[in-house]
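These notes concern the structure reproduced below.
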Amino acid sequence: MRIGFGYDSHRMVEERKLILGGVEIPFEKGLYGHSDADVLTHAIIDAVFGAEAKGDIGRHFPDNDPAYKDINSMVLLEKAVSEMDGKIVNVDCTLLIQKPKMAPYIDKIRESLAKGLNTDIKNVSVKAKTEEGMEAVGRGEMVKAYAVVLID
């Protein structure tokens with residue numbers, strides 16, 4: 001068994017879609033990035049590569065490669081999973097986002113991630129926290145995500 005840890009953050013900006021865990025969330029701002037900027041999926045991808053000791057997301061999908069411009073991060077997750085030597089035992093994620101409230105979307109996000117990870121939804125945990133108005137996340141300027149992945 002191997003464990004991997006992942007982290008990512010992206011700025012909130014206007015005129016971008018907010019995509020988290022492969023799910024489009026209705027909101028007036030989205031995340032800035034080369035791909036679709038799905039911060040949650042990126043953290044999980046980093047955790048998968050970490051568990052496999054294969055580097056990080058930037059090594060496999062560089063943000064200066066035009067092939068990944070605006071790409072759906074679920075495609076990248078499926079590619080990362082296809083390169084694994086083992087299989088997913090479980091994934092535990094924490095999303096730090098002030099707004100919008102995530103509770104209505106958590107189950108849909110878990111379902112989307114389970115599909116991308118090629119595992120059962122019972123193996124995918126997603127939690128969301130606010131920063132209580134503190135720092136950049138609390139001011140609505142950015143979103144952060146942390147993930148751990150256990151692979152057998």
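All heavy atoms count here, side chains included; hydrogens, waters and symmetry mates do not. In what follows, residues are counted from 1 in the order of the sequence shown. What you see is a predicted model, and the numbers here were worked out from it, not measured in a lab.
- Using a 4.0 Å cut-off between charged side-chain N and carboxylate O, Asp70 and Arg16 make a salt bridge.
- Atom CD1 of Ile3 sits about 8.0 Å away from atom CG of Asn90, to the nearest 0.5 Å.
- Clustering ILVMFWY residues whenever any of their side-chain heavy atoms sit less than 4.5 angstrom apart, transitively, puts Tyr7 in a cluster other than the one holding Leu95.
- Rounding to the nearest 0.5 Å gives a distance of 12.0 Å between CG of Asn64 and NZ of Lys69.
- Residue-environment remark: NZ (Lys127) exceeds the threshold of 12 foreign heavy atoms within 6.0 Å.
- Comment: Asp107 engages Arg110 in a salt bridge, judged by a side-chain N to carboxylate O separation of less than 4.0 angstrom.
- Remark: side-chain polar atoms of Gln98 are paired, donor with acceptor, to backbone N or O of Glu131 under 3.5 angstrom.
- In the displayed structure, Lys122 atom NZ is contacted under 6.0 Å by at most 12 heavy atoms of other residues, nucleotides or ligands.
- Ring geometry, Phe61 versus Tyr68: the interplanar angle exceeds 60°, so the pair is classed perpendicular (tilted spans 30 to 60°).
- None of Asp38, Thr41, Asp36 except one satisfies the side chain to side chain donor-acceptor pair (under 3.5 Å) rule with Ser73; the exception is Asp36.
- Judged purely by atom type and a 3.5 angstrom limit, Asp56 has no side-chain atom pairing as donor or acceptor with the backbone of Asp46.
- Heavy-atom neighbours of Glu141 CD from other residues, nucleotides or ligands within 6.0 Å: above the threshold of 12.
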(request) Give the intermediate values and the outcome of side chain to side chain contact (heavy atoms under 4.5 Å, CB included) for residues Met142 and Leu96. (result) CA-CA 9 Å; Met142 72 182 304; Leu96 297 173; over 6 Å; no

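- Atom CG of Asp8 and atom CG of Leu40 lie 9.5 Å apart (nearest 0.5 Å).
- Distance alone, capped at 3.5 Å, is enough to place a donor-acceptor pair between the His34 side chain and the Asp65 backbone.
- The aromatic rings of Phe49 and His60 lie parallel to each other, their planes meeting at an angle below 30°, with 60° marking the opposite boundary.
- Ion pairing of Lys115 with Glu111 is absent here, as no side-chain N (NZ or NE/NH1/NH2) approaches a carboxylate O to less than 4.0 Å.
- Note: Ile88 CD1 to Asp120 CG = 12.5 Å, rounded to the nearest 0.5 Å.
- Residues Asn123 and Leu150 form no side-chain contact, since every pair of their non-hydrogen atoms from C-beta on lies 4.5 Å or further apart.
- Taking CG of Leu31 as the start and CE of Met12 as the end, the distance is 6.0 Å to the nearest 0.5 Å.
- Heavy atoms of other residues, nucleotides or ligands lying less than 6.0 angstrom from OH of Tyr32 number 12 at most.
- The CG atom of Leu18 lies 9.0 Å from the OH atom of Tyr105; values are rounded to the nearest 0.5 Å.
- Of all heavy-atom pairs between Ser125 and Asp92, the closest is OG-OD1, 3.0 Å.
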